[in-house]
Q: 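Encoded as structure tokens, here's the structure I'll be asking about.
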Amino acid sequence: MPRPEKNRTILQPPLMKGFKPFGIPRCKLEAVTLTFEEYESIRLVNYENLQQKEAADLMNVSRPTLTRIYNKALTTITKAFVEGKAIVIEGGNYELSNDWYRCGKCHKLIEADNADVKCENTEDCSTNELINLNK
Ligand SMILES: [Zn+2]
């Protein structure tokens, strides 16, 4: 029986829900899924320029696990890039280090101490319909 996977720590969730290529008709557009921990591995290694060992420590996983997550992320992004697919960033096996919400209306990413916060992204978006990204 495989061991249950422990949650990977995410320091900062993605700003957006995903990416769409342009030049591909909507009716032909297919999507691939990038998990939150796959996104975080790319952010830490390629954006923050950390060594994989450092990224593994921050995400609370072993170095081989980080490498596996990272390689899967690269494969998924490459497939989307080459085949013209959308990337949906969702799901995974993670916990966020802080409380993060996404506005249900304009999708802005908000870090907050409690769910009483409102989105103040634009004048016409003051909704309090926030989606808790902490599962
Ligand atoms: Zn909003």
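Whatever order the structure lists them in is the order used to number ligands and atoms, beginning at 1. Just so you know, these numbers come straight off a predicted model, no measurement behind them. Both backbone and side-chain heavy atoms feed into the values below; hydrogens, waters and symmetry mates do not.
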Q: Do side-chain atoms of Thr78 reach the backbone of Leu74 as a donor and acceptor pair under 3.5 angstrom?
A: yes

Q: Any donor-acceptor pair under 3.5 Å linking the side chain of Glu111 with the backbone of Asn98?
A: no

Q: For the atoms SG of Cys119 and SG of Cys103, give the angle they form at the Zn ion (ligand 1), rounded to 10 degrees.
A: 110°

Q: Return yes when atom CD of Glu48 has more than 12 non-hydrogen atoms of other residues, nucleotides or ligands closer than 6.0 Å, and no otherwise.
A: yes

Q: Examine distances only and state if a side-chain atom of Arg102 and a backbone atom of Leu15 form a donor-acceptor pair shorter than 3.5 Å.
A: yes

Q: Closer than 2.8 Å to the Zn ion (ligand 1), do we get an N, O or S atom from His107, backbone or side chain?
A: no

Q: Could you please compute the angle at the Zn ion (ligand 1) from SG of Cys106 to SG of Cys125, rounded to 10°?
A: 110°

